[in-house]
Amino acid sequence: MPSKEPVMSAFERKRLENIAQNNAILGEISTTAEKIIPQPKPPKPKRSSTPRTKREPIQREPPRPTRQSSRLAGLKPDADPELLKRKAEVDAEAEAQQVKAKKMRVDEDLKLGDIQVEGRKWEAGLDGLAGLKGLSRGAQPGLRTFTDEDVKETTDKVLKELRLRMSSLKLYEKWSVQDIKIVPQRVYSMGFHPTEEKPIIFAGDKEGAMGVFDASQEPPKVEDDEEEEIERPDPIISAFKTHSRTISAFHFSPVDANAVFSGSYDSSIRKLDLDKGISIQVYAPADPNEDLAISAIDMPTNDPNMILFSTLFGSLGRHDLRTKPSAADIWHLTDHKIGGFTLHPRHPHLVATASLDRTFKIWDLRKITKGESGHTPALLGTHESRLSVSHASWSAAGHVATASYDDTIKIYSFPDAGKWTPGEELDEKAMTPVRKIPHNNQTGRWVTILKPQWQRNPQDGIHKFVIGNMNRFVDVFAASGEQLAQLDGEGITAVPAVAVFHPTKDWVAGGSASGKLSLWM
């Protein structure tokens, strides 16, 4: 009898299908990348320059002895008390050195393949970036403060249409919120890549990990087996340890789709090159032991070589990316923490700061003045709140939205900001908010501070911002102060405190203390 051909097992058939599916995805990624990545310009001829002087390496202390038990150290229980005391001191000092070393920033370039975060959720690593080239006090969970009835009762036709459109945004359905753990620890910062081809979200966590999620991916098809419980595969998420401490802010280059900037409490600003898969330190103090924790970063729309940053020590810095990483103009603005700042998108010489000293202030970079604390940009105006102000966010139309611990969102309007002369002082009337919105901003210890974030270049021309809601929603407001929507969905079990708009599309993302991502589109 002729021999029968071996029957292919279900496992082997599934393996071959997965291989074919992966090859198809890689082909689609390459095609998309060619469409959205501009072709690099030919390099300019290099100019002859003087050789750089080699800096002397920093002398570091030799490693301290690690902690060990008295038995391993050869000490008997009845040993000399002074000897035991000395051992305890050595152990304590060694442990302190280990904690300090863990929080020290890394100055050299980091290859993403070497700093991948461990864990099954983020095992995609560099493969997850393949398609990105070129791109609790008073909280009442579930209690809505803006309902469908508010939309129905809206009499203004334009406002009602806008409310209906924003309220129609749906929670991402390809995976549940509980499955999209974008970073291991609490989310502190988020940002959408500006590409309109697909939603790509970046998140930074408490311990310096950066997570990246491409929401355009499709869940792999799973065969329905009635005898076995189906385990749904996790989404492809990449995460990398780019900083040694909290990532406080993201910013995307206005000219280079491959460049993603991040600021951190480890006192550094790094540039992630999506094309090369490398993270480069572009700014850090010259002294590696200097603590200059960065709270926010921004870039002028008219100068892609400049990056500005605020610190937890009350200073504002400006760094030219073409100079050495330690070079920067540092201006001391206040003795208190600056929680956030932004540049006016159309007039980037105007800076809005929010501080623990309870003030929102506007500064003018065109005029640098000398005061008691040294040189600073000219102060144009100040508005003081009852409690600390967490963030001050400029819109392209000249509005500033602030959130403060007096449980309000304040909206200020400066439509003539482009006509201000250098150093022009603003009177009390000009600095008075045009709208105060009651809003619970009492985040407590375990929830990231709520900050309003504007849509930078809305396609519909209507300026609006988002902010997390302590009742586990994300609120959407217009520049007039009218609430447009309150976004929610099934599976949101923590406050999506860090909320951001896509720069142009009506896509909204929120990140929680559990590292989970909520996405509305």
Side-chain angles (χ1 to χ4, degrees), residues 138 145-146 150 156 159 162-163 295-296 298 310 316 333-334 336-347 349-364 377-420 424-443 449-456 458 462-470 474-486 499 501:
T145 55
F146 183 79
D150 294 308
D156 185 281
L159 178 59
L162 185 57
R163 282 178 164 175
S295 58
D298 202 352
S310 59
L316 181 72
L333 305 184
T334 174
H336 298 79
K337 161 186 169 181
I338 295 179
F341 88 99
T342 51
L343 304 176
H344 193 305
R346 293 179 181 169
H347 312 291
H349 54 271
L350 298 175
V351 184
T353 60
S355 175
L356 193 63
D357 64 7
R358 303 180 299 170
T359 64
F360 148 59
K361 296 179 179 179
I362 298 178
W363 310 79
D364 191 340
L379 177 61
L380 306 187
T382 302
H383 183 264
E384 187 170 325
S385 294
R386 188 170 58 86
L387 295 173
S388 66
V389 186
S390 306
H391 189 51
S393 181
W394 275 109
S395 79
H399 306 95
V400 175
T402 66
S404 52
Y405 271 90
D406 60 5
D407 284 340
T408 63
I409 297 171
K410 301 181 183 71
I411 300 177
Y412 306 77
S413 181
F414 306 100
D416 298 326
K419 300 177 182 178
W420 295 344
E424 179 179 337
E425 293 186 7
L426 304 177
D427 58 23
E428 183 179 351
K429 182 180 179 181
M431 292 299 297
T432 301
V434 295
R435 185 71 184 267
K436 287 185 181 181
I437 307 167
H439 196 269
N440 180 9
N441 298 325
Q442 306 299 321
T443 53
I449 294 172
L450 308 181
K451 297 181 178 182
Q453 302 286 359
W454 292 92
Q455 189 174 28
R456 294 184 72 90
I462 300 173
H463 297 277
K464 43 196 176 291
F465 65 88
V466 290
I467 185 170
N469 183 301
M470 287 300 293
V474 168
D475 292 329
V476 185
F477 291 94
S480 63
E482 296 288 348
Q483 185 155 4
L484 302 179
Q486 192 162 78
F501 246 126

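All values below come from the heavy atoms of this structure, side chains included, with hydrogens, waters and symmetry mates left out. Worth saying up front: this structure is predicted, and the values here are computed from it rather than measured.
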A.B. asks: Please check: side-chain N/O of His347 versus main-chain N/O of His349, any donor-acceptor pairing under 3.5 Å?
C.D. replies: no

A.B. asks: Is there a side-chain contact between Ile362 and Phe414 in this structure, where contact means two heavy atoms from C-beta onward sitting under 4.5 Å apart?
C.D. replies: yes

A.B. asks: What's the spacing between Ser385 OG and Tyr405 OH if we round to 0.5 Å?
C.D. replies: 13.5 Å

A.B. asks: Other residues, nucleotides and ligands only: do more than 12 of their heavy atoms fall within 6.0 Å of CD on Glu425?
C.D. replies: no

A.B. asks: Can you find a pair of side-chain heavy atoms, one from Leu450 and one from Met470, that are under 4.5 Å apart?
C.D. replies: yes

A.B. asks: Are the side chains of Thr342 and His391 in touch, meaning some heavy atoms are under 4.5 Å apart?
C.D. replies: yes

A.B. asks: Output, in order, the C-alpha distance, side-chain angles, deciding distance and verdict of side-chain contact (heavy atoms from CB on, under 4.5 Å) for Lys451 and Ser393.
C.D. replies: CA-CA 8 Å; Lys451 297 181 178 182; Ser393 181; over 6 Å; no

A.B. asks: Under 3.5 Å, side chain of Thr334 to main-chain N/O of His336, donor-acceptor pair present?
C.D. replies: yes

A.B. asks: Do Asn441 side-chain atoms and Ser404 backbone N/O form a donor-acceptor pair below 3.5 Å?
C.D. replies: yes

A.B. asks: For His399, which of Tyr412, Trp394, Trp454 qualifies under ring-ring contact (aromatic ring centres under 6.0 Å, His included)?
C.D. replies: Trp454

A.B. asks: Kindly indicate whether the side chain of Pro433, heavy atoms from C-beta on, has any atom under 4.5 Å from the side chain of Val400.
C.D. replies: no

A.B. asks: Compare all side-chain heavy atoms of Ser355 with those of Lys361 and state whether any distance is below 4.5 angstrom.
C.D. replies: no

A.B. asks: What distance do Leu484 atom CG and Phe465 atom CZ have between them, rounded to the nearest 0.5 Å?
C.D. replies: 9.0 Å

A.B. asks: Quick one: do Phe341 and Leu316 satisfy side-chain contact (heavy atoms from CB on, under 4.5 Å)? Show the steps, please.
C.D. replies: CA-CA 9 Å; Phe341 88 99; Leu316 181 72; 4.1 Å; yes

A.B. asks: Do Ser388 and Leu356 have side-chain heavy atoms sitting under 4.5 Å apart?
C.D. replies: yes

